[in-house]
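To keep things clear, I will list the structure first and then write my remarks on it.
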Amino acid sequence: MDLLRHIDRMIGFESDNPVAAKFSRERIKSVRSTIGVYYLAIIAPFLGIATVTWNHTSTRIVAGVLIAAVVLRFRHWVLPVSDEQSEALNPVAARMTGFMVTLLSCAQSFFYLSLALRSNGLPRPDMEWLQILSLGLLAALTQGAALTGIIFASRVIFFAFVLPLVLAVLYLFGSANPPASASVVILTAVSLFLAENSHRIQLRLFKAQYDADAALTRMERTNLELIEARRGAQHQAETDSLTGLRSRLAFIHDIEAKLDGGQCGLLAVIDLNRFKPINDLYGHYAGDVVLRQVARRLQRATPAGTVVGRLGGDEFGVFIGGSSCLEELPDLLATCDRALVQLRKPMRLSNALVTVGGSAGACVLDGDAPDVGQALRDADAALYVAKREGLLTTKLFDREIREEHQRIHAIEAALMEAASIDQISLAYQPIFNLRTGELSSFEALARWDHPELGHISPAQFIPIAERLGTIRGLTLALLEKALDFASGWGTPHRLSFNLSAVHICSADAAQEIVDLLKRKGFPTAMLQFEITETAMLVDFDAARRNVDLLRESGCRIALDDFGAGFASLVYLREIPFDKVKIDGSLIKRARGQQGRDMLRGVIKMIAAMKLESVAEYIATIDDRETARELGAEYGQGFHLGRPLDEEATLELLSRHRDEPIANIHTLTNWELAQHEARILDATDGARSFPRNGSR
């Protein structure tokens, strides 16, 4: 095994240098084209001598060896060789080639030496031996040149063939002509040096080419990797990874491409209605499942060629193409409405059946050089109206929405101005004890009369302030105004203040409020904060932490608009509220028997949880009587008292402070007092705030 390994190392199959090994194998393959020259250099001089020396034993022996070699290798020379049998890949075949070169070199060396030495030993020696050795040396050098690509073959020919003949020449001829003998030695050494040096030069050239090829291969591989990475990045940028729909940017580009092709179409923005509660109740994995199902339903509900994309979060975009959009508009809207119908169908999760639904706003894209970005904003404005109005169909962008949208932009710009804080004031709506008629507290309500935009409802500017991120400063500024005003009441009446959903869910909201109360020295027992369940939907954990901190400081907490949503019971169980304000929708429904039974159950549930109840939006005497009879403790609404400015609020406080206790213990006397107050309001209505945006 060591001998075979040594032979393989000589041939080139085993080498510490992979470049040298590859070079040796490449040279072995290239020698195949010169193998005929090699055998011709063997046979031609042999035949020239064998014709006159056939009777010699050495001639017949070498002839047999040559015939055997030609027979054994003839098929290998003539027919194509498979890769498995090639000397460059198959060690066994390479060893066979090396064995044949060694055998033939030794056989020729034996042949020429035996004839030369025999000729020199004749009774009448002449120079015949010199002709034989010269022909042999010429044959050896020719064979070495033919196999110079294989360094081991050149070495074998030199040491097994050339060197013995040179030694014979020196032995027979050296003493007769020393200069000629020295020339033979020098020529032999030079031939060996040239063979070795030629191999090294070829190896260096091959290495340079090998390195260049390797560098080119690496460069091509790197280029391919960059191309694949670019394709992957482009696909990732153009495709939403969760749903497989087009991303926002790709969605816009696709629409632009269709418009450039002469199409028009309906661009719709669809927002899911009940997605966040599903995320909160069932987890984000369930939310991802819902988003994927929504994507599939939108694709199935729209015709082929429709561009469907995910614009972000739970918002999707749909572009339904057409040829004449003004004529096809009803059909385009109907297609979008059918997609909304599909979204309203229940979706099955692994452990629940949920219903999502969605609202849609749309605009028509037609004409020269349309702005897709502006169209998206227009569709989003229509979507805002659709969600506000609770529409089940697609809301098409029109001039009225454009004017409203422009007003919203104007409100946004006004809110960013420092003077807006001074323009926003507070109105105070009284809350009464329905059993005794006593004035219990006042709810502070924000009012904004802009010098150019006129009256701006809190339902408009509060969500805008939340979106702009200015709600924190606005809330603290208004709270400070309310505290300054309420600190001069001098009565036990409580101040109730609304906290924005976004503000109560910020990290340091409660601490900022507590610090403000300490700075003002306001008694926390007189302060109550109202929080809607919408705040819990934004960030339940953050809201609960802030509520706990406010209660620890001594403030009371009321859950506002109870019954307007579906998750209020969860919040009542998880957060320690002090009071529950029943939404006005339940009060209105109580005008019928079914709604009355529902309101009775809600009030009893609140009482069972040891919480106070406030009936909101009491607009008539019947509303008040119904709420009182069903057990509500407190009431608030236009029938009991409109929101008042500061002067009217102080006047109301003074009137209730001066009334004898006996006069406020019966609702009859209290109702008469209210009747008188309404008469006063009719004669001096300037003190009351407008009805819009009030409770």
Side-chain angles (χ1 to χ4, degrees), residues 229-261 263-276 278-279 284 287-322 325 332 335-336 339-340 342-343 356-367 369-387 394-397 401-402 405 408-409 412 463 466-469:
R230 190 180 298 112
R231 288 176 179 171
Q234 183 177 1
H235 181 267
Q236 186 175 4
E238 293 180 349
T239 306
D240 177 63
S241 58
L242 178 62
T243 61
L245 298 178
R246 304 293 283 170
S247 66
R248 185 184 186 90
L249 185 60
F251 178 73
I252 294 174
H253 287 169
D254 290 349
I255 295 175
E256 291 174 343
K258 285 184 174 293
L259 295 175
D260 291 341
Q263 275 193 320
C264 62
L266 182 74
L267 174 60
V269 176
I270 299 174
D271 188 76
L272 304 185
N273 289 335
R274 291 175 292 277
F275 176 70
K276 194 175 188 307
I278 294 174
N279 249 346
H284 290 286
D288 293 344
V289 173
V290 169
L291 291 176
R292 284 192 288 267
Q293 290 195 41
V294 167
R296 287 194 293 268
R297 290 188 181 187
L298 288 176
Q299 288 175 315
R300 289 196 298 263
T302 52
T306 299
V307 183
V308 183
R310 184 184 177 199
L311 304 181
D314 59 344
E315 191 173 78
F316 296 83
V318 176
F319 179 76
I320 309 170
C325 294
L332 297 176
T335 301
C336 192
L340 293 179
Q342 293 299 317
L343 294 186
V356 181
S359 301
C363 71
V364 176
L365 271 173
D366 199 358
D371 186 348
V372 179
Q374 181 60 48
L376 276 174
R377 291 189 289 272
D378 292 344
D380 198 60
L383 170 65
Y384 174 81
V385 175
K387 292 183 73 70
T394 305
K395 180 66 175 180
L396 187 64
F397 184 79
I401 297 177
R402 183 183 300 278
H405 199 55
I408 290 175
H409 283 303
E412 291 176 351
E466 290 179 337
R467 188 171 65 252
L468 294 178

Does the side chain to side chain contact (heavy atoms under 4.5 Å, CB included) test come out yes or no for Glu412 and Leu468, once each step is laid out?
-> CA-CA 8 Å; Glu412 291 176 351; Leu468 294 178; 3.9 Å; yes
Between Ile278 and Leu272, is a side chain to side chain contact (heavy atoms under 4.5 Å, CB included) present by the stated rule, with each step listed?
-> CA-CA 11 Å; Ile278 294 174; Leu272 304 185; over 6 Å; no
Stepwise side chain to side chain contact (heavy atoms under 4.5 Å, CB included) test for Asp254 and Phe319 | CA-CA 9 Å; Asp254 290 349; Phe319 179 76; over 6 Å; no
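Once rounded to the nearest 0.5 Å, the distance linking OG1 of Thr394 with CG of Leu383 reads 10.0 Å. Put simply, CG on Leu267 and CG on Leu259 are 9.0 Å apart, with the number rounded to the nearest 0.5 Å.
The two atoms that bring Phe397 and Cys363 nearest to each other are CB-CB, 3.9 Å, heavy atoms only. Between Arg292 and Leu242, the closest heavy-atom pair is NH1-CD1, 3.0 Å. Here the shortest heavy-atom pairing between Leu266 and Ala362 reads CD1-CB, 3.8 Å. Taking both residues in full, the closest heavy atoms of Leu365 and Asp371 are given as CD2-O, 4.4 Å, listed atom of the first, atom of the second, then distance.
Between Leu245 and Phe316, the closest side-chain pair of non-hydrogen atoms falls below 4.5 Å. Contact of the Lys395 side chain with the Ile401 side chain is registered, since non-hydrogen atoms from C-beta on lie closer than 4.5 Å. Looking at Val318 and Ile270, their side chains come closer than 4.5 Å, going by heavy atoms from C-beta outward. Side-chain atoms of Phe275 and Val294, non-hydrogen and from C-beta on, never get closer than 4.5 Å to each other. Side-chain contact between Ile320 and Pro303: present, with at least one pair of heavy atoms (C-beta onward) separated by less than 4.5 Å.
Residues satisfying the ring-ring contact (aromatic ring centres under 6.0 Å, His included) test with His409, not counting sequence neighbours, are His405. Checked against side chain to side chain donor-acceptor pair (under 3.5 Å), Thr335 has the following partners two or more places apart in sequence or in another chain: Arg338. Partners of Asn273 by side chain to side chain contact (heavy atoms under 4.5 Å, CB included), not counting sequence neighbours, listed by chain and number: Ser359, Lys387. Applying the side chain to side chain donor-acceptor pair (under 3.5 Å) criterion to Arg297, with sequence neighbours excluded, gives no partner residue.
Put simply, the side chain of Arg246 never gets that close to the backbone of Val308: no donor and acceptor are under 3.5 Å apart. Thr306 places no side-chain N or O within 3.5 Å of a backbone atom of Thr302 that could act as its donor or acceptor partner. At least one donor-acceptor pair closer than 3.5 Å links the side chain of Lys258 to the backbone N or O of Gly305.
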What pairs of donor and acceptor atoms, side-chain ones from residues 373-380 against any protein atom, are under 3.5 angstrom apart with sequence neighbours left out?
| unit_1 | atom_1 | unit_2 | atom_2 | d |
| --- | --- | --- | --- | --- |
| Gln374 | OE1 | Arg377 | NE | 3.3 |
| Gln374 | OE1 | Arg377 | NH2 | 2.9 |
| Gln374 | NE2 | Asp378 | OD1 | 2.9 |

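Within the structure, every pair that satisfies the side-chain hydrogen bond (donor to acceptor under 3.5 Å, both in side chains) test and touches residues 310-320, not counting sequence neighbours, is listed here: Asp240-Arg310.
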